[in-house]
Amino acid sequence: METLSQKIDISGLIACNGCDLLLEQVEVEPGLALFCPRCGKKLQTPKKNSVDKTLALSITALLLYMPAAFMPLMTLDTLGFKESGSIVDGVVRLYDKGYLFVSLLVLLTSLLFPLIKLSLLFVVSLSLKLKRYPDTLPLLMRSFHYLDEWGMLEVYLIGILVTLIKMYHLANIHYDLGFFCFVGLLFATLCSSTAMDEHLFWDLIERKGEI
């Protein structure tokens, strides 16, 4: 007679993140999506060549990171006086003016967290591409998932756009190379998150590529 303590095989089941409903694992073609029949939450959105695309985009973003962070974004020319600055310059100036909390917040959300997030994504996707599965890979994947909500480059871009609107009639604005690198960094970061098939990544990590 089977006992309650007998192990139950749940390898063929998935749980909904919204309502915890257990569902049988089914194959979903790239371009389609799997939704929970009870709460309607999207469960899977398979993407074609997800590992390759994510790796390429994460490399692109990392290459753009340094010029985007340290090179001047734009130059304001007012009555012959020119002023330019980078993201790092903005953090330093906020700190010098006594806005310690704001400078720390900008440092974390616009510089540190995006760099860590992109580095984690690069390491994870490279490991999956090379079919190497170290014991730390699940931890790196979980860390990326948690940091994904803290990288706020798009908020910084909104701040730049607000500044441009306010200063449009007061100064001549010249866009520097750092601005285009920053836009490219933001675009590559967003595309890398979009190209990543999280369900596939976790399956590869848990089964060590045997899918």
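- In terms of heavy atoms, V102 sits closest to L94 at CG1-CD1, 3.9 Å.
- Between F201 and S50 there is a side-chain heavy-atom pair separated by less than 4.5 Å.
- For the salt bridge (charged side-chain N to carboxylate O under 4.0 Å, His left out) test, no residue two or more places apart in sequence or in another chain qualifies with R142.
- How far CG of L64 is from CE of M71: 11.5 Å, rounded to the nearest 0.5 Å.
- Under the side chain to side chain donor-acceptor pair (under 3.5 Å) criterion, D176 pairs with T75, not counting sequence neighbours.
- Proximity of P72 to F179: side-chain heavy atoms (C-beta onward) are nowhere separated by under 4.5 Å.
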Task: Worked check of side-chain contact (heavy atoms from CB on, under 4.5 Å) between Y95 and L100 - done: CA-CA 5 Å; Y95 178 81; L100 302 182; 3.4 Å; yes
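- Atom OG in S127 sits 7.5 Å away from atom CG in L140 (nearest 0.5 Å).
- The nearest pair of heavy atoms linking L73 to A68 is CD2-O, 3.9 Å.
- Partners of R132 according to the side chain to side chain donor-acceptor pair (under 3.5 Å) rule, which considers only residues two or more places apart in sequence or in another chain, do not exist here.
- By the side chain to side chain contact (heavy atoms under 4.5 Å, CB included) test, A56 pairs with no residue at all, sequence neighbours left out.
- In this structure, T54 and L128 have side chains that are not in contact, with every pair of non-hydrogen atoms separated by 4.5 Å or more.
- Note that the CZ atom of F182 and the CE atom of M74 stand 9.5 Å from one another [nearest 0.5 Å].
- Within the structure, salt bridge (charged side-chain N to carboxylate O under 4.0 Å, His left out) contacts touching residues 51-62 (residues at least two apart or in different chains) are D52-K129.
- Here CG of L55 is found 4.0 Å from CD1 of I59. Values are rounded to the nearest 0.5 Å.
- L185 places none of its side-chain heavy atoms less than 4.5 Å from the side chain of C181.
- Residues L62 and S119 are in side-chain contact: their nearest non-hydrogen atoms beyond the backbone lie under 4.5 Å apart.
- Annotation: side-chain hydrogen bond (donor to acceptor under 3.5 Å, both in side chains) contacts involving residues 55-67, sequence neighbours excluded, are absent.
- In this structure, the separation between CD1 on I87 and CG on L107 is 11.0 Å, given to the nearest 0.5 Å.
- With contacts defined as side-chain heavy-atom distances shorter than 4.5 Å, the pair T189/K117 qualifies.
- When every heavy atom of A69 is checked against every heavy atom of L111, the shortest pair comes out as CB-CD2, 3.6 Å.
- For the atom pair H199 NE2 and L204 CG, the distance stands at 10.0 Å (nearest 0.5 Å).
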